[in-house]
Amino acid sequence: MLLSVVIPCYNEEENIRPFYDKTVATLKDLVADTEFIFIDDGSRDGTAAALRQLCAEATHTVRAIRFSRNFGKEAGILAGLEASHGDYVAIIDADLQQNPKYILDMLDIIKHTPDCDGVAAYQAQRNESKLLSFFKSCFYKLINKITQVEFRRSASDFRVLSRKMVDAVLAMPEKCRFSKGIFSWVGFHVEYMPYEVEARHAGTTKWSFWKLTAYAIDGIVSFSDKPLIISSVLGILLFLLSILLMLVVVIKTLLFGDPVAGFPTLASLILLLSGIQLFCLGIVGEYLAKTYAEAKGRPVYIIKDTFESNKEEAAE
Ligand code: UDP
Ligand code: MG
(Lines give C-alpha, C1' and ligand atoms only; values in the text may rest on other atoms or scores of the structure.)
(Ligands and ions follow the chains in the order given, each with its own letter.)
Protein backbone atom coordinates (compact mmCIF):
# COMPACT_ATOMS: atom_id res chain seq x y z
CA MET A 1 0.00 0.00 0.00
CA LEU A 2 1.53 3.29 -1.07
CA LEU A 3 -0.79 5.85 0.44
CA SER A 4 -3.26 5.97 3.33
CA VAL A 5 -5.62 8.94 3.43
CA VAL A 6 -6.89 9.64 6.95
CA ILE A 7 -10.08 11.72 7.14
CA PRO A 8 -11.53 12.72 10.54
CA CYS A 9 -15.26 13.45 10.17
CA TYR A 10 -17.71 14.99 12.58
CA ASN A 11 -21.17 15.76 11.22
CA GLU A 12 -20.05 15.73 7.60
CA GLU A 13 -22.83 13.66 5.99
CA GLU A 14 -23.07 15.89 2.93
CA ASN A 15 -19.32 16.01 2.42
CA ILE A 16 -18.39 12.31 2.50
CA ARG A 17 -19.38 11.40 -1.06
CA PRO A 18 -18.20 14.63 -2.75
CA PHE A 19 -14.91 14.33 -0.87
CA TYR A 20 -14.41 10.72 -1.97
CA ASP A 21 -15.34 11.39 -5.60
CA LYS A 22 -13.09 14.44 -5.84
CA THR A 23 -10.15 12.69 -4.19
CA VAL A 24 -10.47 9.59 -6.36
CA ALA A 25 -10.58 11.79 -9.47
CA THR A 26 -7.57 13.79 -8.30
CA LEU A 27 -5.34 10.88 -7.28
CA LYS A 28 -5.92 9.17 -10.68
CA ASP A 29 -3.52 6.19 -11.08
CA LEU A 30 -2.38 6.40 -7.48
CA VAL A 31 -5.82 5.50 -6.22
CA ALA A 32 -5.39 1.79 -6.95
CA ASP A 33 -2.64 1.75 -4.33
CA THR A 34 -4.47 3.97 -1.83
CA GLU A 35 -6.65 3.25 1.18
CA PHE A 36 -9.19 5.74 2.52
CA ILE A 37 -9.67 5.67 6.28
CA PHE A 38 -12.67 7.70 7.44
CA ILE A 39 -13.12 8.24 11.16
CA ASP A 40 -16.65 9.06 12.21
CA ASP A 41 -16.01 10.98 15.41
CA GLY A 42 -19.40 10.30 17.03
CA SER A 43 -21.38 12.32 14.48
CA ARG A 44 -25.01 13.06 15.28
CA ASP A 45 -26.12 13.40 11.68
CA GLY A 46 -26.13 10.83 8.88
CA THR A 47 -22.33 10.57 8.57
CA ALA A 48 -22.31 6.90 9.63
CA ALA A 49 -25.02 6.03 7.09
CA ALA A 50 -23.15 7.96 4.38
CA LEU A 51 -19.97 6.02 5.20
CA ARG A 52 -21.80 2.70 5.18
CA GLN A 53 -23.22 3.52 1.77
CA LEU A 54 -19.83 4.64 0.51
CA CYS A 55 -18.25 1.36 1.68
CA ALA A 56 -20.96 -0.56 -0.15
CA GLU A 57 -20.48 1.35 -3.39
CA ALA A 58 -16.78 2.25 -3.40
CA THR A 59 -14.57 0.81 -6.09
CA HIS A 60 -11.44 1.39 -4.04
CA THR A 61 -10.26 0.47 -0.56
CA VAL A 62 -12.34 2.39 1.96
CA ARG A 63 -12.43 1.73 5.68
CA ALA A 64 -14.60 3.49 8.20
CA ILE A 65 -14.04 3.57 11.93
CA ARG A 66 -16.96 4.76 14.00
CA PHE A 67 -16.39 6.12 17.53
CA SER A 68 -18.88 5.51 20.31
CA ARG A 69 -19.11 9.30 20.89
CA ASN A 70 -17.33 12.52 19.94
CA PHE A 71 -13.73 12.22 21.11
CA GLY A 72 -12.31 15.17 19.14
CA LYS A 73 -10.26 15.54 15.99
CA GLU A 74 -7.00 14.57 17.75
CA ALA A 75 -8.47 11.17 18.67
CA GLY A 76 -9.69 10.78 15.10
CA ILE A 77 -6.22 11.47 13.71
CA LEU A 78 -4.70 8.95 16.14
CA ALA A 79 -7.20 6.22 15.21
CA GLY A 80 -6.55 6.88 11.52
CA LEU A 81 -2.77 6.72 11.90
CA GLU A 82 -3.08 3.49 13.91
CA ALA A 83 -5.25 1.89 11.24
CA SER A 84 -3.05 2.98 8.33
CA HIS A 85 -0.82 0.64 6.34
CA GLY A 86 0.56 3.00 3.68
CA ASP A 87 4.21 3.92 3.14
CA TYR A 88 2.90 7.48 3.22
CA VAL A 89 -0.03 8.78 5.24
CA ALA A 90 -2.00 11.91 4.32
CA ILE A 91 -4.23 13.63 6.87
CA ILE A 92 -6.97 15.77 5.37
CA ASP A 93 -10.32 17.29 6.45
CA ALA A 94 -13.58 15.98 5.06
CA ASP A 95 -15.10 19.38 4.25
CA LEU A 96 -13.18 19.96 0.98
CA GLN A 97 -11.58 23.12 2.36
CA GLN A 98 -8.32 21.38 1.60
CA ASN A 99 -8.13 20.46 -2.06
CA PRO A 100 -6.88 16.86 -2.46
CA LYS A 101 -4.64 18.02 -5.33
CA TYR A 102 -2.23 19.26 -2.65
CA ILE A 103 -1.75 15.66 -1.49
CA LEU A 104 -0.07 15.01 -4.85
CA ASP A 105 2.15 18.08 -4.39
CA MET A 106 3.09 16.99 -0.88
CA LEU A 107 3.84 13.45 -2.06
CA ASP A 108 6.04 14.92 -4.76
CA ILE A 109 7.98 16.97 -2.21
CA ILE A 110 8.39 14.13 0.29
CA LYS A 111 9.58 11.72 -2.39
CA HIS A 112 11.99 14.08 -4.09
CA THR A 113 13.50 15.94 -1.15
CA PRO A 114 16.37 13.89 0.24
CA ASP A 115 15.93 12.93 3.88
CA CYS A 116 12.40 14.39 4.08
CA ASP A 117 9.90 12.56 6.30
CA GLY A 118 7.00 14.97 6.40
CA VAL A 119 5.34 17.79 4.49
CA ALA A 120 2.93 20.14 6.22
CA ALA A 121 0.67 22.50 4.31
CA TYR A 122 0.12 25.97 5.68
CA GLN A 123 -2.51 28.48 4.67
CA ALA A 124 -0.90 31.13 2.50
CA GLN A 125 -3.77 33.50 3.25
CA ARG A 126 -6.16 33.21 6.17
CA ASN A 127 -9.78 34.22 5.88
CA GLU A 128 -10.40 35.10 9.49
CA SER A 129 -11.15 38.19 11.54
CA LYS A 130 -8.33 40.59 12.52
CA LEU A 131 -9.03 39.96 16.20
CA LEU A 132 -8.74 36.18 15.88
CA SER A 133 -5.60 36.60 13.79
CA PHE A 134 -4.13 38.81 16.53
CA PHE A 135 -4.90 36.23 19.25
CA LYS A 136 -3.41 33.46 17.14
CA SER A 137 -0.23 35.41 16.49
CA CYS A 138 0.10 36.09 20.27
CA PHE A 139 -0.38 32.38 20.94
CA TYR A 140 2.33 31.33 18.48
CA LYS A 141 4.77 33.93 19.80
CA LEU A 142 4.16 32.76 23.36
CA ILE A 143 4.28 29.03 22.72
CA ASN A 144 7.45 29.32 20.63
CA LYS A 145 9.12 31.28 23.42
CA ILE A 146 8.28 28.87 26.21
CA THR A 147 8.61 25.49 24.52
CA GLN A 148 11.56 23.71 22.98
CA VAL A 149 9.64 22.49 19.93
CA GLU A 150 8.89 24.77 17.01
CA PHE A 151 5.26 25.64 16.29
CA ARG A 152 4.89 26.96 12.77
CA ARG A 153 2.12 29.54 12.44
CA SER A 154 -0.72 28.41 10.18
CA ALA A 155 0.75 24.92 9.73
CA SER A 156 -2.31 22.73 9.91
CA ASP A 157 -2.96 19.03 10.38
CA PHE A 158 -3.07 18.84 6.57
CA ARG A 159 0.07 16.76 6.12
CA VAL A 160 1.75 13.86 4.42
CA LEU A 161 4.00 11.77 6.66
CA SER A 162 6.39 8.94 5.93
CA ARG A 163 5.85 5.56 7.62
CA LYS A 164 8.92 6.27 9.79
CA MET A 165 7.41 9.49 11.10
CA VAL A 166 3.97 7.90 11.63
CA ASP A 167 5.56 5.13 13.69
CA ALA A 168 7.40 7.72 15.79
CA VAL A 169 4.14 9.61 16.41
CA LEU A 170 2.38 6.37 17.37
CA ALA A 171 5.19 5.45 19.76
CA MET A 172 4.26 8.42 21.94
CA PRO A 173 2.05 6.94 24.64
CA GLU A 174 0.43 10.13 25.95
CA LYS A 175 -3.35 10.29 26.18
CA CYS A 176 -3.71 14.07 25.96
CA ARG A 177 -2.63 14.49 22.38
CA PHE A 178 -1.78 17.84 20.88
CA SER A 179 -0.89 16.81 17.34
CA LYS A 180 0.74 20.06 16.28
CA GLY A 181 3.22 19.66 19.12
CA ILE A 182 3.68 15.92 18.67
CA PHE A 183 4.47 16.27 14.94
CA SER A 184 7.08 18.83 15.84
CA TRP A 185 8.43 17.01 18.92
CA VAL A 186 9.27 13.78 17.06
CA GLY A 187 11.71 15.74 14.92
CA PHE A 188 12.56 14.57 11.37
CA HIS A 189 12.98 16.82 8.38
CA VAL A 190 9.64 18.48 7.61
CA GLU A 191 9.05 20.71 4.61
CA TYR A 192 6.35 23.40 4.65
CA MET A 193 4.19 24.06 1.62
CA PRO A 194 1.71 26.93 1.15
CA TYR A 195 -1.84 26.11 0.07
CA GLU A 196 -4.99 28.02 -0.71
CA VAL A 197 -7.86 27.16 1.64
CA GLU A 198 -11.26 26.83 0.00
CA ALA A 199 -14.78 27.40 1.26
CA ARG A 200 -16.44 24.58 3.20
CA HIS A 201 -18.46 22.35 0.86
CA ALA A 202 -21.30 21.91 3.37
CA GLY A 203 -21.93 22.16 7.12
CA THR A 204 -20.27 24.51 9.58
CA THR A 205 -16.95 24.76 11.36
CA LYS A 206 -16.68 23.02 14.73
CA TRP A 207 -14.34 25.59 16.24
CA SER A 208 -15.60 28.39 18.45
CA PHE A 209 -13.44 31.06 20.06
CA TRP A 210 -13.60 29.28 23.44
CA LYS A 211 -12.76 25.90 21.95
CA LEU A 212 -9.72 27.51 20.33
CA THR A 213 -8.70 29.10 23.66
CA ALA A 214 -8.96 25.75 25.47
CA TYR A 215 -6.95 24.18 22.64
CA ALA A 216 -4.26 26.86 23.01
CA ILE A 217 -3.97 26.29 26.78
CA ASP A 218 -3.82 22.55 26.14
CA GLY A 219 -0.90 23.06 23.75
CA ILE A 220 1.07 25.16 26.21
CA VAL A 221 0.50 22.81 29.15
CA SER A 222 1.32 19.73 27.05
CA PHE A 223 4.63 21.04 25.80
CA SER A 224 6.05 23.38 28.42
CA ASP A 225 6.58 23.53 32.17
CA LYS A 226 7.60 27.20 31.99
CA PRO A 227 4.23 28.48 33.35
CA LEU A 228 5.00 26.62 36.61
CA ILE A 229 8.42 28.25 36.76
CA ILE A 230 6.88 31.65 36.04
CA SER A 231 4.41 31.22 38.91
CA SER A 232 7.23 30.24 41.31
CA VAL A 233 9.33 33.24 40.25
CA LEU A 234 6.30 35.49 40.69
CA GLY A 235 5.86 34.10 44.21
CA ILE A 236 9.51 34.76 45.12
CA LEU A 237 9.38 38.32 43.72
CA LEU A 238 6.22 39.10 45.70
CA PHE A 239 7.80 37.66 48.86
CA LEU A 240 10.84 39.92 48.45
CA LEU A 241 8.57 42.89 47.78
CA SER A 242 6.56 42.19 50.94
CA ILE A 243 9.74 42.11 53.08
CA LEU A 244 10.76 45.45 51.60
CA LEU A 245 7.32 46.87 52.33
CA MET A 246 7.45 45.57 55.90
CA LEU A 247 10.81 47.28 56.47
CA VAL A 248 9.43 50.55 55.09
CA VAL A 249 6.39 50.35 57.42
CA VAL A 250 8.51 49.51 60.51
CA ILE A 251 11.04 52.26 59.84
CA LYS A 252 8.30 54.79 59.07
CA THR A 253 6.48 53.92 62.29
CA LEU A 254 9.62 54.14 64.41
CA LEU A 255 10.84 57.41 62.92
CA PHE A 256 7.61 59.29 62.23
CA GLY A 257 4.98 57.70 64.51
CA ASP A 258 2.08 55.60 63.14
CA PRO A 259 0.04 57.38 60.50
CA VAL A 260 -3.30 55.67 59.70
CA ALA A 261 -2.72 53.24 56.81
CA GLY A 262 -4.92 53.87 53.80
CA PHE A 263 -7.78 51.38 53.48
CA PRO A 264 -7.94 51.64 49.64
CA THR A 265 -4.25 50.69 49.41
CA LEU A 266 -4.88 47.68 51.60
CA ALA A 267 -7.96 46.62 49.67
CA SER A 268 -6.20 46.86 46.29
CA LEU A 269 -3.19 44.96 47.62
CA ILE A 270 -5.39 42.13 48.89
CA LEU A 271 -7.23 41.98 45.57
CA LEU A 272 -4.00 42.02 43.57
CA LEU A 273 -2.31 39.34 45.66
CA SER A 274 -5.30 37.03 45.83
CA GLY A 275 -5.69 37.42 42.08
CA ILE A 276 -2.09 36.42 41.50
CA GLN A 277 -2.46 33.50 43.94
CA LEU A 278 -5.54 32.20 42.18
CA PHE A 279 -3.83 32.59 38.81
CA CYS A 280 -0.84 30.54 39.98
CA LEU A 281 -3.11 27.96 41.57
CA GLY A 282 -4.92 27.71 38.25
CA ILE A 283 -1.63 27.04 36.45
CA VAL A 284 -0.75 24.28 38.93
CA GLY A 285 -4.29 22.94 38.52
CA GLU A 286 -3.88 22.66 34.75
CA TYR A 287 -0.82 20.45 35.16
CA LEU A 288 -2.51 18.43 37.89
CA ALA A 289 -5.51 17.86 35.62
CA LYS A 290 -3.23 16.69 32.81
CA THR A 291 -1.36 14.34 35.17
CA TYR A 292 -4.71 13.06 36.47
CA ALA A 293 -5.95 12.37 32.96
CA GLU A 294 -2.71 10.57 32.05
CA ALA A 295 -2.68 8.58 35.32
CA LYS A 296 -6.19 7.27 34.73
CA GLY A 297 -4.91 5.80 31.48
CA ARG A 298 -8.29 5.82 29.78
CA PRO A 299 -8.28 5.04 26.06
CA VAL A 300 -8.10 8.03 23.73
CA TYR A 301 -11.15 6.76 21.83
CA ILE A 302 -13.60 3.85 21.82
CA ILE A 303 -14.63 2.18 18.57
CA LYS A 304 -18.27 1.27 18.12
CA ASP A 305 -18.16 -0.18 14.60
CA THR A 306 -15.79 -0.59 11.72
CA PHE A 307 -16.81 -1.36 8.19
CA GLU A 308 -14.96 -1.54 4.93
CA SER A 309 -15.50 -1.76 1.24
CA ASN A 310 -15.39 -5.08 -0.44
CA LYS A 311 -13.40 -4.20 -3.52
CA GLU A 312 -14.06 -7.43 -5.46
CA GLU A 313 -17.77 -7.27 -4.86
CA ALA A 314 -18.00 -3.57 -5.70
CA ALA A 315 -15.94 -4.00 -8.86
CA GLU A 316 -18.34 -6.56 -10.33
N1 UDP B 1 -13.60 17.12 13.28
C2 UDP B 1 -13.59 15.92 13.99
N3 UDP B 1 -13.97 15.94 15.31
C4 UDP B 1 -14.34 17.09 15.94
C5 UDP B 1 -14.31 18.30 15.21
C6 UDP B 1 -13.92 18.27 13.87
O7 UDP B 1 -13.27 14.86 13.44
O8 UDP B 1 -14.69 17.03 17.12
C9 UDP B 1 -13.21 17.09 11.83
C10 UDP B 1 -14.21 17.76 10.90
O11 UDP B 1 -15.22 16.86 10.49
C12 UDP B 1 -13.32 18.17 9.72
C13 UDP B 1 -12.00 18.49 10.43
O14 UDP B 1 -12.02 17.84 11.69
O15 UDP B 1 -13.14 17.13 8.80
C16 UDP B 1 -11.80 19.99 10.59
O17 UDP B 1 -12.90 20.55 11.27
P18 UDP B 1 -13.52 21.95 10.87
O19 UDP B 1 -13.75 22.01 9.39
O20 UDP B 1 -14.69 22.18 11.75
O21 UDP B 1 -12.36 22.93 11.29
P22 UDP B 1 -11.83 24.22 10.49
O23 UDP B 1 -11.62 23.80 9.05
O24 UDP B 1 -12.90 25.24 10.61
O25 UDP B 1 -10.55 24.57 11.18
MG1 MG C 1 -12.85 22.92 7.84
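Small disclaimer: the values here were computed from a predicted structure and weren't measured. In listed order, ligands and their atoms are each counted from 1. Positions are given from 1 along the sequence.
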Ring-plane angle category for F178 and Y215, please: parallel below 30°, perpendicular beyond 60°, tilted otherwise.
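F178 vs Y215 ring planes: tilted.
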Please identify each residue that fulfils side-chain hydrogen bond (donor to acceptor under 3.5 Å, both in side chains) with E191, with sequence neighbours left out.
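In terms of side-chain hydrogen bond (donor to acceptor under 3.5 Å, both in side chains), with neighbours along the sequence ignored, E191 is linked to H189.
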F71 six-ring face occupied by R69 cation (under 6.0 Å, within 45°)
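Flagged: R69 positioned over aromatic ring of F71.
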Lys NZ or Arg CZ of K211 over F209 ring: under 6.0 Å, within 45°
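Because its charged atom misses either the 6.0 Å distance or the 45° angle limit, K211 does not stack over F209.
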When Ile, Leu, Val, Met, Phe, Trp and Tyr are grouped by side-chain heavy atoms lying under 4.5 Å apart, directly or through other members, which residues fall in the same group as L288?
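Via sub-4.5 Å side-chain contacts, L288 links to none.
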At a cut-off of 2.8 Å, list the protein N/O/S atoms near the Mg ion (ligand 2), residue plus atom name.
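Those protein N, O or S atoms (cut-off: under 2.8 Å from the Mg ion (ligand 2)) are D95 OD2, Q97 OE1.
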Ligand 1: protein residues within heavy-atom distance under 4.0 Å
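The 4.0 Å shell around ligand 1 contains P8, C9, Y10, E12, D41, N70, G72, K73, D93, A94, D95, Q97, R200, T205, K206, W207.
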Can the ring centres of F67 and Y301 be said to be less than 6.0 Å apart?
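Yes, ring centres under 6.0 Å apart.
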4.5 Å side-chain heavy-atom contact, Q123 and Y195:
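Counting from C-beta outward, Q123 and Y195 do come under 4.5 Å.
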Check: I220 and F139 side chains under 4.5 Å, non-hydrogen atoms:
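In short, these two side chains touch, coming nearer than 4.5 Å.
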Roughly how far, to the nearest 0.5 Å, is the CD1 atom of I92 from the CD atom of Q97?
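So the gap between those two atoms works out to 10.5 Å.
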